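Both counts, for ligands and for their atoms, begin at 1 and track the order of listing. Remember, it's a predicted structure, so these values are computed and weren't measured experimentally.
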Amino acid sequence: MSYITYNAAKPLDFTAIGRLCIDLNANEINRPMEETMTFTKYVGGSPANIAIGMSRLGMKTSFIGKVANDQMGRFITTYLENNQIATSGVVTDDSGAVTGLAFTEIKSPSECSILMYRDNVADLKLKPQEVREELIANSKMLLISGTALAQSPSREAVFLAIDYARKHGVVIAFDLDYRPYTWSSPEETAIYYNLAAEKCDIIMGTREEFDNMETFEPNPERDDHVTAAKWFNYSAQIVIIKHGKDGSIAYTKDGASHRAKSFPAKVIKTFGAGDSYAAGFLYGSMQGWSIEKSMEFGSAAACIVISSHSCSDAMPSAEQVQDYIDRCNRGEIIV
Ligand SMILES: Nc1ncnc2c1ncn2[C@@H]1O[C@H](COP(=O)(O)OP(=O)(O)O)[C@@H](O)[C@H]1O
Ligand SMILES: O=C(O)C[C@@H](O)[C@H](O)C(=O)COP(=O)(O)O
């Protein structure tokens, strides 16, 4: 059972709204950033990574966002176009805003962190009037991402996109994607995350990300079941709580829970796991696969990305993901 019905008449499979940024991933790995001298540039930002993942998996994909009017902004737009992602919804800032940067530190395969430069970033300047209704109306799924709710006018742009999606029968997926930068208080974070989550069909996040939403409804045991149950009183059909290497649990509106183990992986760095998992899972859901099969696909896609240097550029094709699953099942991936 797949739990979600997509409108097959819509020409676009997937539209994401939110940040388009740059990742600068440390080339000299297994050391602190203080000792890192060179970085490789990739397109980044969680919703951008997920859109690239969906496109690599063969989904007709478009993006709604804002880029800086500079070399980095043009690099991002060109990369999306080269990856068959429609950019008619990507507007260029005219206020002198800059491109958000995420420098990544890879101290060890399990000790990774991100140093973000996000003052006056173009992605948070997306205005409601720049959100093209027809792009959303023509999509089977809209993906929103929590960081875009951190500031106005991007916050209002995302809420308008949600309204358009609901008006036109578009499935809404919410990747919580919590980045502390640009949020001003735990209360502000919880209020806007909750307001958005109420309207979404699929909600995905890590345990820590869901904790941030529970400021006003403490869940002292950090019980996944308690967390998920709340959302079935609103619009949610599926709530996924991710636990890194320990796998993930999907709760569904019928009261069932579905667990996915992680696959073995030769990990280079852990970031990018969530974005590739999201792309793999959402792809499976759009194929009408069971929750378990979709989660398995997401988990294997995550392994491919965390075994690679980049997030966006390493997003796999469906054949690569299936091959990874087959190799794991044959015991060929030994960590
Ligand atoms: N070290 C790991 N080894 C294998 N799979 C992993 C590992 N870390 C994450 N994953 C896979 O990626 C999924 C998402 O990872 P997680 O770390 O929970 O999300 P995020 O990157 O958003 O923090 C997990 O459910 C798991 O399937
Ligand atoms: O989200 C960002 O702005 C940075 C990402 O591009 C980054 O590479 C990353 O951290 C991915 O996040 P994750 O998939 O949740 O680990």
Side-chain angles (χ1 to χ4, degrees), residues 16 18-26 39-53 65 76 79 99-106 108-118 121 123-124 143 145-148 150 174-182 203-212 224 240-250 258-281 292 294-315 321 324-325 328 333 335:
R19 80 185 178 289
L20 296 161
C21 292
I22 297 287
D23 281 355
L24 290 156
N25 289 1
F39 299 83
T40 299
K41 177 178 79 169
Y42 302 103
V43 168
S46 173
N49 294 338
I50 298 173
I52 293 161
I76 292 167
Y79 187 88
T99 305
L101 304 177
F103 288 88
T104 59
E105 176 179 60
I106 309 174
S108 76
S110 58
E111 279 179 296
C112 301
S113 66
I114 300 180
L115 179 63
M116 287 190 145
Y117 286 64
R118 288 190 51 72
V121 284
D123 60 271
L124 289 174
L143 174 100
S145 144
T147 297
F174 185 9
D175 190 311
L176 300 185
D177 172 39
Y178 173 71
R179 303 284 183 209
Y181 213 111
T182 56
I203 308 172
M204 298 175 283
T206 62
R207 179 65 254 168
E208 295 71 28
E209 287 172 331
F210 278 102
D211 290 344
N212 285 315
D224 287 348
I240 298 184
I241 305 179
K242 300 174 290 178
H243 291 273
K245 199 178 179 190
D246 296 332
S248 53
I249 311 173
H258 316 251
R259 280 178 187 271
K261 289 195 197 131
S262 65
F263 286 104
K266 292 184 176 137
V267 182
I268 292 183
K269 44 80 182 148
T270 50
F271 46 83
D275 297 340
S276 40
Y277 177 97
F281 176 81
E292 285 79 5
S294 305
M295 292 170 86
E296 176 182 72
F297 210 75
S299 307
C303 287
I304 294 173
V305 167
I306 60 182
S307 315
S308 315
H309 191 251
S310 72
C311 297
S312 54
D313 209 45
M315 287 287 173
V321 180
Y324 196 90
I325 295 171
C328 287
I333 300 197
V335 181

- Message: At less than 4.0 angstrom from any non-hydrogen atom of Gly44, what atoms of ligand 2 do you find?
- Response: 6 (O)

- Task: For atom 9 (C) of ligand 2, find the nearest protein heavy atom and state the residue, atom name and distance (0.1 Å precision).
- Result: Arg179 NH2, 3.3 Å

- Query: Is there at least one pair of N or O atoms, one from Gly272 and one from ligand 2, spaced under 3.5 Å apart?
  - Reply: yes

- Query: Are the aromatic rings of Phe39 and Phe103 close, with centres under 6.0 Å apart?
  - Reply: yes

- Message: Please check if the number of heavy atoms outside Tyr117 that lie under 6.0 Å from its OH is greater than 12.
- Response: no

- Determine, for Lys41 against Asp23, whether the closest basic-nitrogen to carboxylate-oxygen distance falls under 4.0 angstrom. no

- Message: Could you identify the single nearest non-hydrogen protein atom to atom 15 (O) of ligand 1 and state the distance to 0.1 Å?
- Response: Ala273 CB, 3.5 Å

- Counting only heavy atoms, which portion of Ala302 has something under 4.0 Å from ligand 1: side chain, backbone, both, or neither? side chain

- Val43 backbone acceptor or donor facing Ser312 side chain under 3.5 Å: yes

- Task: Please could you name the atoms of ligand 1 that Gly274 approaches to less than 4.0 Å, counting only its heavy atoms?
- Result: 19 (O), 20 (P), 21 (O), 22 (O)

- Query: Considering distance alone, does some N or O of Gly274 sit under 3.5 Å from an N or O of ligand 2?
  - Reply: yes

- Query: Hey, is the main chain of Asp177 close enough, under 3.5 Å, to the side chain of Glu209 for a donor-acceptor pair?
  - Reply: yes

- Query: Between Cys311 and Gly272, which heavy-atom pair has the shortest distance, and what is it?
  - Reply: SG-CA, 3.4 Å

- atom 26 (C) of ligand 1: the protein heavy-atom neighbour that sits closest, reported with distance to 0.1 Å: Gly244 O, 3.3 Å

- Message: So does Phe271 get a backbone contact from the side chain of Lys269, meaning a donor-acceptor N/O pair under 3.5 Å?
- Response: yes

- Which heavy-atom pair separates Phe174 from Ser145 by the least distance, and what is that distance? CE1-C, 4.1 Å

- Message: Counting only heavy atoms closer than 4.0 Å, does ligand 1 sit against the backbone of Ile306, its side chain, both, or neither?
- Response: side chain

- Message: Under 3.5 Å between any N/O of Val267 and any N/O of ligand 1: does that happen in this structure?
- Response: no

- Message: With nothing but distance in play, are any N or O atoms of Gly272 less than 3.5 Å from an N or O of ligand 1?
- Response: no

- Message: Please determine whether a side-chain nitrogen of the Lys or Arg among Asp123 and Arg118 lies less than 4.0 Å from a carboxylate oxygen of the Asp or Glu.
- Response: yes

- Item | Backbone or side-chain N or O of Asn49 under 3.5 Å from ligand 2 N or O | yes

- Message: Against Ile203, only a single residue in Leu176, Asp175, Ile241, Ile240 fulfils side-chain contact (heavy atoms from CB on, under 4.5 Å); can you say which?
- Response: Leu176

- Message: If I apply the N/O under 3.5 Å rule, does Asp23 come out as touching ligand 2?
- Response: yes

- Taking only non-hydrogen atoms of Met116 and a 4.0 Å limit, the atoms of ligand 2 in range are 2 (C), 3 (O)

- Honestly, for Cys21 the part within reach of ligand 2 (heavy atoms, under 4.0 Å) is neither

- Is there side-chain contact between Thr40 and Ser310, with heavy atoms separated by less than 4.5 Å? no

- Message: Which of the numbered atoms in ligand 2 are under 4.0 angstrom from any heavy atom belonging to Ser46?
- Response: 1 (O), 2 (C)

- Looking only at atom types and distance, does a side-chain atom of Ser248 sit under 3.5 Å from a main-chain N or O of Lys242, one as donor and one as acceptor? no

- Task: Answer side chain, backbone, both or neither: which part of Asp275 comes under 4.0 Å from ligand 2, heavy atoms only.
- Result: both

- Of the backbone atoms (N, CA, C, O) and the side-chain heavy atoms from C-beta on, which set of Ile114 has a member under 4.0 Å from an atom of ligand 2: side chain, backbone, both, or neither? side chain

- Item | Ala273 contact mode with ligand 2 (heavy-atom cut-off under 4.0 Å) | backbone

- Message: Within the 4.0 Å heavy-atom shell around Cys311, which atoms of ligand 2 are there?
- Response: 8 (O)

- Query: For ligand 1, is there an N or O atom under 3.5 Å from any N or O atom of Lys242?
  - Reply: yes

- Of the listed options Arg118, Arg19, Lys242, Glu209, closest to atom 3 (O) of ligand 2 (non-hydrogen atoms): Arg19

- Message: I need the contact type for Phe271 against ligand 1. Using non-hydrogen atoms and a strict under-4.0 Å cut-off, is it side chain, backbone, both or neither?
- Response: neither

- Just which atoms of ligand 1 are under 4.0 Å from any heavy atom in Thr206? 19 (O), 20 (P), 22 (O), 23 (O)

- Where on Thr147 is there a heavy atom closer than 4.0 Å to ligand 2, on the side chain, on the backbone, on both, or on neither? neither

